[in-house]
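Being a predicted model, the structure only gives us computed values, none of them experimental. Naming convention: chains lettered A, B, ... in sequence-line order (proteins, then strands); numbering from 1 in each chain.
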Protein chains: 2
Amino acid sequence: MLDALGDPTRRAVFELLAAGPRSVAEIAADLPVSRPAVSQHLKVLKEAALVSSTAVGTRRVYTLDPRGLAAVRGYFEQFWQQALAAFADAVENPPEEDQ
Amino acid sequence: MLDALGDPTRRAVFELLAAGPRSVAEIAADLPVSRPAVSQHLKVLKEAALVSSTAVGTRRVYTLDPRGLAAVRGYFEQFWQQALAAFADAVENPPEEDQ
DNA sequence: CGCATCGGAAAGCCTAGACTTACCGTTCGT
DNA sequence: ACGAACGGTAAGTCTAGGCTTTCCGATGCG
């Protein structure tokens with residue numbers, strides 16, 4: 001899930017699709033990698049349920065998949081709550097002997 | 001940012017810290033990797049502003065950093081909106097010729 | 001009916017980076 | 001002051017995986 005978004009190129013694909021559905025070739029046109037590379041990234045994203053594809057003739061149109069997006073959103077929402085609570089304790093004695 | 005959370009071990013460190021502050025050795029004790037490995041992961045997480053450290057004697061206590069957490073939360077919130085809008089269009093003609 | 005386009009699969013290369021061991025500086029305890 | 005514990009750094013190894021080129025099946029078009 002987050003493994004899929006760990007790669008910069010894959011994240012670029014993901015962000016391109018956020019702007020709207022696109023075919024494989026159209027995605028590759030905006031990226032500095034070859035079309036097969038994009039295909040491989042899309043496969044990973046699809047397995048992570050972050051994108052889904054639709055066959056239109058010989059073209060495959062990819063779209064963001066709300067399922068994976070909801071999952072990852074929930075993941076961080078969960079930690080957000082915990083971190084907030086833990087942070088509330090720390091505001092009293094600011095621990096700034098960092099770095 | 002998301003690069004940092006792309007690695008499974010690093011994500012494990014992150015999730016351990018979500019349960020509460022911990023020293024390096026305490027983190028390493030719950031993971032199948034050596035202590036220096038944990039140190040290296042913490043360095044990456046710190047550079048991504050996902051954790052912060054506090055010196056307590058010779059120990060370094062690490063905590064989740066709300067800054068990075070807020071950033072990553074905002075990142076997905078942004079795409080969540082876009083995906084929702086794009087998804088609203090697609091519900092009418094269900095594109096299910098997938099896989 | 002081929003010819004062209006689109007996209008996934010296979011094979012191979014090559015670098016990024018995750019991990020280990022070894023070492024050293026720093027701080028605490030006695 | 002000395003020894004021990006904690007943790008960051010350095011150096012080196014080794015694998016995962018990102019990318020390319022090549023190829024092939026499938027669909028649309030003339």
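The salt bridge (charged side-chain N to carboxylate O under 4.0 Å, His left out) pairs that include a residue from residues 70-79 of chain B are A:Arg73-B:Glu77, A:Glu77-B:Arg73, where partners are two or more places apart or lie in different chains.
In this structure, the nucleotide among C:dT20, C:dA9, C:dA18 sitting nearest to the side chain of B:His41 is C:dA18.
Distance A:Asp3 CG to D:dG18 P: 10 Å, rounded to the nearest Å. Between A:Gln40 atom CD and D:dA16 atom C1' there is a gap of 14 Å when expressed in whole angstrom units. C:dA18 atom C1' lies 14 Å from atom NZ of B:Lys43, rounded to whole Å. B:Glu47 places its CD atom 13 Å from the C1' atom of D:dT9, with the value rounded to the nearest Å. Protein atom CZ of A:Arg22 is 13 Å distant from nucleotide atom P of C:dG7, rounded to whole Å.
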Inset, instruction - Report the C-alpha separation of A:Tyr62 and A:Glu26 in whole Å, then their side-chain angles, then the decisive distance to 0.1 Å, and conclude whether the side chain to side chain donor-acceptor pair (under 3.5 Å) test is met. - result: CA-CA 10 Å; A:Tyr62 282 82; A:Glu26 287 167 348; over 6 Å; no
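Not one N or O on the side chain of B:Arg35 forms a donor-acceptor pair closer than 3.5 Å with the backbone of B:Ala28.
At the phosphate of D:dT21, neither OP1 nor OP2 sits under 4.0 Å from any side-chain N or O atom of A:Ser34.
Every side-chain contact (heavy atoms from CB on, under 4.5 Å) that A:Pro21 has, sequence neighbours left out, goes to A:Val61, A:Thr63.
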Any N/O pairs under 3.5 Å between the protein and nucleotides 2-8 of chain D? List them or say none.
unit_1	atom_1	unit_2	atom_2	d
D:dC6	O4'	B:Thr58	OG1	3.4
D:dC6	O2	B:Thr58	OG1	3.3
D:dG7	OP1	B:Val24	N	3.3
D:dG7	OP1	B:Arg60	N	3.4
D:dG7	OP2	B:Ala25	N	2.9
D:dG7	N7	B:Arg35	NE	3.4
D:dG7	N7	B:Arg35	NH2	3.0
D:dG8	OP1	B:Tyr62	OH	3.0
D:dG8	OP2	B:Ser39	OG	2.4
D:dG8	N7	B:Arg35	NH1	3.1
D:dG8	O6	B:Arg35	NH2	3.0

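Relative ring orientation between B:Phe14 and A:Phe79 is described as perpendicular, the plane-to-plane angle rising above 60° on a 0-90° scale split at 30° and 60°.
We find that A:Lys46 and A:Asp65 are not joined by a salt bridge, their nearest charged nitrogen and carboxylate oxygen being 4.0 Å or further apart.
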